[in-house]
Amino acid sequence: MSLSWLLVLGAILVVGAIVWRGVRAAAVRRKLRAGLRSPDPAVRIDSVQLAGELGLATCAPLLLRLVQAEPDPAVLATVIRVVASRQWEPASTARLVELRLWARAFVEAHPELRRADNVGEPLLPGVGGAATVPSLDPVRSIRYQRGSDALQLPVPLEQRRAELDDPDALAPVRVLVTGAGGPAGVAVIQALRKRGHHTIAVDADPMAVGLRLAEEHEVVPLFSDPAYVAALVRAATVSNAQALICTVAEEYPALVSGVPFLEEAHVRMQLPSLDAAQTCTDKWKFAECLRTAGLPAPATGLGTDDGVPGPWVVKPRFGRGSRDVSFPTTRRELAYAVNACPDPIVQSRLKGREFTCDVLMDATGAMAGGVARWRLETKAGISTKGETFDNADVLHQSGQVLKAVGLIGPANVQGFVCDDGAVVIHEVNPRFSGGLPLSLAAGADLVEEYLRSIMGATVRPERLVGRPGVTMLRYFSEVFEG
């Protein structure tokens with residue numbers, strides 16, 4: 001037989017084997033689906049065990065559908081046991097992480113199943129014996145570990161420190177940045193890359209520009225989606241992320257709930273308390289906090305101007321940016337603005353010069369440093385023209401407000417230096433600001449020092465001082481694909 005015929009025959013055999021494997025796999029999946037729907041619990045148990053043999057990454061969607069409606073504790077116990085026995089599988093899909101989240105929560109929600117001899121192992125409902133609580137951090141396969149050099153330094157650390165003129169520089173860190181589509185997310189990604197760190201950008205919008213600026217990226221659900229934490233854990237696990245920086249304040253409730261799972265994936269964070277974050281995102285609660293602390297604040301009413309002298313500013317209680325914000329000067333305009341604004345608060349309009357102060361609070365709640373900048377021009381709540389300035393009262397008052405709130409980490413403080421010289425603060429965002437590049441350009445290394453705090457290194461206040469008189473003029477820039 002000629003060589004060409006042998007090659008043809010070999011190709012036919014290979015194609016036939018591939019087709020046969022596909023047909024066989026489809027038959028196994030049909031059998032698995034039918035078994036998981038069986039009215040007989042014993043058949044469902046056998047099917048769960050088969051799913052484990054096929055691999056959780058493949059079968060996690062089927063098992064998640066099963067546990068949502070499964071009434072038999074013995075079947076649920078088998079799912080948990082299978083999940084716990086497959087710890088070596090990498091967290092390669094969001095569904096697999098969701099399944100581990102469910103299994104862990106189910107076991108931990110049954111304290112009555114603890115052993116009487118205080119061994120501490122939870123009993124599986126419906127079966128005898130004990131089982132380990134399923135982990136979210138299984139041993140990662142080579143495919144997802146990206147080789148043994150995943151955390152290797154691109155250059156020797158001493159060389160990097162010399163290049164940065166920083167004898168105490170951090171080793172490069174793999175940082176997961178949320179909210180990559182916003183101005184703050186873009187600024188943080190660029191600052192981290194400039195300092196030699198490896199960035200992993202995540203955002204719910206697949207067209208977010210920050211996804212194109214990082215070394216790695218992942219599209220995740222919105223923070224309000226129940227699958228958000230699972231998707232974030234998966235992204236962190238697959239990318240070997242070491243730290244997380246959040247640039248969207250509304251994500252904090254979801255992130256706080258996911259702290260145990262992210263920590264188990266070896267991701268370091270430094271998040272504010274949920275109460276502190278919610279005080280900042282609720283403008284009425286924030287105004288009440290300042291009043292209780294005896295700090296200067298504009299007169300504020302919840303949906304009314306009672307006790308609030310005009311002219312006024314009307315804004316949503318839970319708004320962001322400048323959406324639905326109006327500045328009525330007459331009673332008629334005020335009534336219209338209150339009716340048009342969702343869940344409005346009414347404040348006296350401050351007279352003076354508006355500023356933003358980019359601040360970093362250390363892990364103890366003390367002010368590590370900050371930069372004040374005039375808001376010369378804003379569009380959609382984002383500073384497009386600004387200039388740094390030096391004012392000790394602004395920095396002091398910003399620190400006092402953040403201490404009253406109980407915030408740690410980055411914050412941008414907004415207020416006015418009033419015509420009489422008084423400093424009055426009206427808003428705090430518990431995150432980096434969209435105007436962060438100006439403070440960075442002025443010499444305050446806010447992102448790097450925050451990362452140092454996350455990684456357990458000492459924050460250096462001397463590197464959080466900005467030069468006054470630095471001006472920022474913003475312009476559009478483009479990223480092209482295709």
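Computed over heavy atoms, backbone and side chain alike; hydrogens, waters and symmetry mates excluded.
Remark: Ala366 pairs with Asp362, Thr364 by the side-chain contact (heavy atoms from CB on, under 4.5 Å) rule, at least two apart or across chains. Under the ring pair (Phe, Tyr, Trp, His ring centres under 6.0 Å) criterion, Phe355 pairs with no residue at all, not counting sequence neighbours. Remark: Leu274 engages Pro253, Val256, Gln278 in a side-chain contact (heavy atoms from CB on, under 4.5 Å) (not counting sequence neighbours). With sequence neighbours excluded, the residues forming a side chain to side chain donor-acceptor pair (under 3.5 Å) with Lys315 are Gln347, listed by chain and number. In this structure Arg467 satisfies the side chain to side chain donor-acceptor pair (under 3.5 Å) test with no other residue, sequence neighbours excluded. The side-chain contact (heavy atoms from CB on, under 4.5 Å) check on Cys280 picks up Val405, Leu407, Val428, Pro430, with sequence neighbours excluded. Taking Val209 as the reference, Val186, Val479 meet the side-chain contact (heavy atoms from CB on, under 4.5 Å) condition, with sequence neighbours excluded. For the side chain to side chain donor-acceptor pair (under 3.5 Å) test, no residue two or more places apart in sequence or in another chain qualifies with Ser273. In this view, Glu215 and Arg193, Thr199 satisfy the side chain to side chain donor-acceptor pair (under 3.5 Å) rule, not counting sequence neighbours.
Pairs of residues two or more places apart, or lying in two chains, that qualify as salt bridge (Lys or Arg N to Asp or Glu O under 4.0 Å) and include a residue from residues 366-375 are Glu354-Arg375, Asp358-Arg373.
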CA sep, side-chain torsions, deciding dist, call: His198, Gln242, side-chain hydrogen bond (donor to acceptor under 3.5 Å, both in side chains): CA-CA 10 Å; His198 184 97; Gln242 297 167 278; over 6 Å; no

Would you list the atom pairs, donor with acceptor, under 3.5 Å between side chains in residues 412-425 and any protein atom, with sequence neighbours excluded?
from   : atom 1 : to     : atom 2 : distance (Å)
Asn412 : OD1    : Asn429 : ND2    : 3.0
Asn412 : ND2    : Arg431 : O      : 3.3
Asp420 : OD1    : Ala422 : N      : 3.0

Listed pairs under 3.5 Å, donor-acceptor, residues 390-404 side chains, sequence neighbours left out:
from   : atom 1 : to     : atom 2 : distance (Å)
Asn391 : OD1    : Asp393 : N      : 2.9
Asn391 : OD1    : Val394 : N      : 3.1
Ser398 : OG     : Val394 : O      : 2.8

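A salt bridge links Asp275 with Lys285; the closest basic N to acidic carboxylate O contact falls under 4.0 Å. Taking 4.0 Å as the cut-off between side-chain N and carboxylate O, Arg460 and Asp166 count as a salt-bridged pair.
Within the 4.5 Å cutoff, side-chain heavy atoms of Met207 are placed close to those of Arg212. Inter-residue side-chain proximity for Leu255 and Tyr228 is flagged as met; some heavy-atom pair is nearer than 4.5 Å. Inter-residue side-chain proximity for Val220 and Asp225 is flagged as unmet; no heavy-atom pair is nearer than 4.5 Å. Residues Arg474 and Lys379 form no side-chain contact, since every pair of their non-hydrogen atoms from C-beta on lies 4.5 Å or further apart.
Among Asp168, Thr458, Asp445, the one residue that satisfies the side chain to side chain donor-acceptor pair (under 3.5 Å) test with Arg452 is Asp168.
By the neighbour-count criterion of 12 heavy atoms within 6.0 Å, atom CG of Asn339 is densely surrounded, having more than that number from other residues, nucleotides or ligands. Atom NZ of Lys385 has 12 or fewer heavy atoms from other residues, nucleotides or ligands within 6.0 Å.
For the 3.5 Å distance criterion, the side chains of Glu216 and Ser239 fail to qualify, holding no donor opposite an acceptor.
A donor-acceptor pair is defined here as one N or O able to donate and one able to accept, closer than 3.5 Å; such a pair exists between the side chain of Tyr450 and the backbone of Gln270.
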